[in-house]
Amino acid sequence: MGTHSQQVQVRSLSTGFARLTCDPPLALEPGDRLILRDPGRGEVLAGGLVLDADPPALARRGAGARRASELTQATGQLDLVTEVRRRGAVSVADLALLGLPPADLQRDHPEVLRHDSWLIDESAWGAWAVALAAAVDEQAARQPMRPALPLDAARRHLGVPDLRLVGLLAAAAGLIVVDGAVQRPGVVPSLGAAEQGLRALEARLGADPFDAPERPDLAGWGLGPRELAAAETSGRVLRLVDDVVLLPSGPARAMRVLAGLPQPFTASQARQALGTTRRVALPLLEHLDGRGWTRRVDPQHREVVRPGC
């Protein structure tokens, strides 16, 4: 290591093997040599050979002894296949920093996949793809209104080191990425238990597009604010205000009716022409104003905005 001296914590793994923890970290490579001294007496305790500069965590009972057993085969030279298999995925740059010989990085290894700058263990890749598909299916079953799993949540669940790998895994698992989340192709948000109620609402508005049900009717169908918000997000309904709900086609259908009225028209005339109530007509007219399809000409009257006017 040269002439640098630094205090370290030592955890014995077995006879002849120990885990050294350095704070701050040291720039070491496998094959580097060092000397351990007793900081109090200044005595040399042992000479050391660095076998692994980026060791795995020792979290489980007996992990230290198992790691020592693995290290009995170590020579102070990195082996690409071993290092990639241990991590699942590792960047070429990290392996180079850890001291992997450049010639080994250029060789082809059948059990190691290459994606961009990442080297990936083939078996880990297959297991991750299966786990990702299972996590997406679990998300869809648990939250049918949000059947897609966000990319970062998927990355954390799998334990992969880079977000870009999740997109590649999704393709390998037959999944797709839409708006930053992974999902099954063709899957759309569903209201789960409230789906039957939403279909009843769609049927009612299909028969009478401006007969927006009252809040008790919606509640009876299991359609509360959360369910209505999800239905709106998926494009199945349009909420004008709170619980005033129409189909997304409602505004266009209203415009066809309003265009046939003598211009300008009052809110009362619009309500009668649409065959609805003030509760529905007023927020609908304000919605049309906001889209620029109608406009006020005075406090009491509106008119349809003609193309080019």
Side-chain angles (χ1 to χ4, degrees), residues 1-105 109 112-121 123-125 127-128 131 150-166 169:
M1 284 185 60
T3 59
H4 179 73
S5 177
Q6 180 172 319
Q7 195 164 7
V8 299
Q9 292 181 333
V10 181
R11 172 179 175 178
S12 176
L13 304 182
S14 72
T15 302
F17 296 94
R19 170 70 54 88
L20 307 184
T21 302
C22 312
D23 187 16
L26 296 174
L28 300 175
E29 292 183 358
D32 285 347
R33 295 185 177 275
L34 52 85
I35 294 173
L36 288 178
R37 297 179 184 274
D38 184 313
R41 294 176 294 177
E43 296 178 357
V44 173
L45 302 178
L49 176 69
V50 176
L51 299 179
D52 189 350
D54 182 32
L58 302 175
R60 298 182 179 179
R61 185 179 182 87
R66 286 191 294 272
R67 183 60 184 151
S69 177
E70 295 169 357
L71 289 172
T72 58
Q73 306 301 318
T75 63
Q77 289 289 324
L78 287 186
D79 174 71
L80 183 143
V81 174
T82 300
E83 296 304 315
V84 173
R85 181 179 297 125
R86 193 185 85 187
R87 294 169 174 81
V90 60
S91 72
V92 171
D94 283 347
L95 286 180
L97 287 173
L98 289 170
L100 192 80
D104 204 20
L105 286 170
H109 300 271
V112 175
L113 306 175
R114 290 179 181 257
H115 288 295
D116 297 328
S117 61
W118 290 93
L119 300 179
I120 305 165
D121 177 60
S123 61
W125 184 257
W128 282 338
L151 283 171
D152 193 56
R155 185 195 65 76
R156 294 194 305 270
H157 175 77
L158 298 175
V160 298
D162 190 272
L163 201 62
R164 290 169 294 180
L165 294 178
V166 180
L169 279 166

Shortest non-hydrogen separation from [X] to [Y] and the atoms involved:
{"X": "Ala154", "Y": "Val166", "result": "CB-CG1, 3.9 Å"}
{"X": "Leu165", "Y": "Trp125", "result": "O-CH2, 4.1 Å"}
{"X": "Leu158", "Y": "Ala131", "result": "CD2-CB, 3.6 Å"}

Just how far is it from atom [atom1] of [X] to atom [atom2] of [Y], taken to the nearest 0.5 Å?
{"X": "Ser91", "Y": "Asp162", "atom1": "OG", "atom2": "CG", "answer": "9.0 Å"}
{"X": "His109", "Y": "Leu119", "atom1": "NE2", "atom2": "CG", "answer": "8.5 Å"}
{"X": "Arg164", "Y": "Ser117", "atom1": "CZ", "atom2": "OG", "answer": "5.5 Å"}
{"X": "Leu163", "Y": "Arg156", "atom1": "CG", "atom2": "CZ", "answer": "10.0 Å"}
{"X": "Thr21", "Y": "Arg11", "atom1": "OG1", "atom2": "CZ", "answer": "9.0 Å"}

Do the non-hydrogen side-chain atoms of [X] and [Y] ever get within less than 4.5 Å of each other?
{"X": "Ile120", "Y": "Val112", "value": "no"}
{"X": "Gln9", "Y": "Leu20", "value": "no"}
{"X": "Val8", "Y": "Leu36", "value": "yes"}
{"X": "Val81", "Y": "Arg85", "value": "yes"}
{"X": "Arg66", "Y": "Leu13", "value": "no"}
{"X": "Pro30", "Y": "Leu51", "value": "no"}

Start with the C-alpha gap between Glu83 and Leu95, add the side-chain angles, then the distance that decides, and say whether side-chain contact (heavy atoms from CB on, under 4.5 Å) holds.
CA-CA 8 Å; Glu83 296 304 315; Leu95 286 180; 4.0 Å; yes
Would you check if the side chain of Ser14 reaches a backbone N or O of Phe17 as a donor-acceptor pair within less than 3.5 Å?
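Absent.
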Give a yes or no on whether the backbone of Glu29 and the side-chain of Asp32 come within a donor-acceptor separation of less than 3.5 Å.
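Side chain of Asp32 to backbone of Glu29: a pair is present.
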Should the heavy atoms of other residues, nucleotides or ligands under 6.0 Å from CZ of Arg114 be counted, would the total exceed 12?
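Correct, the count exceeds 12.
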Pair Asp54 + Arg87, salt bridge at N-O below 4.0 Å
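Looking at Asp54 and Arg87, the cut-off is met.
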Could you tell me whether Arg19 and Asp52 make a salt bridge, using a distance below 4.0 angstrom between a side-chain N and a carboxylate O?
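Not counted as a salt bridge, because no side-chain N and carboxylate O are separated by less than 4.0 Å.
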Could you go step by step and tell me if Leu58 and Arg67 meet the side-chain contact (heavy atoms from CB on, under 4.5 Å) rule?
CA-CA 8 Å; Leu58 302 175; Arg67 183 60 184 151; 4.0 Å; yes
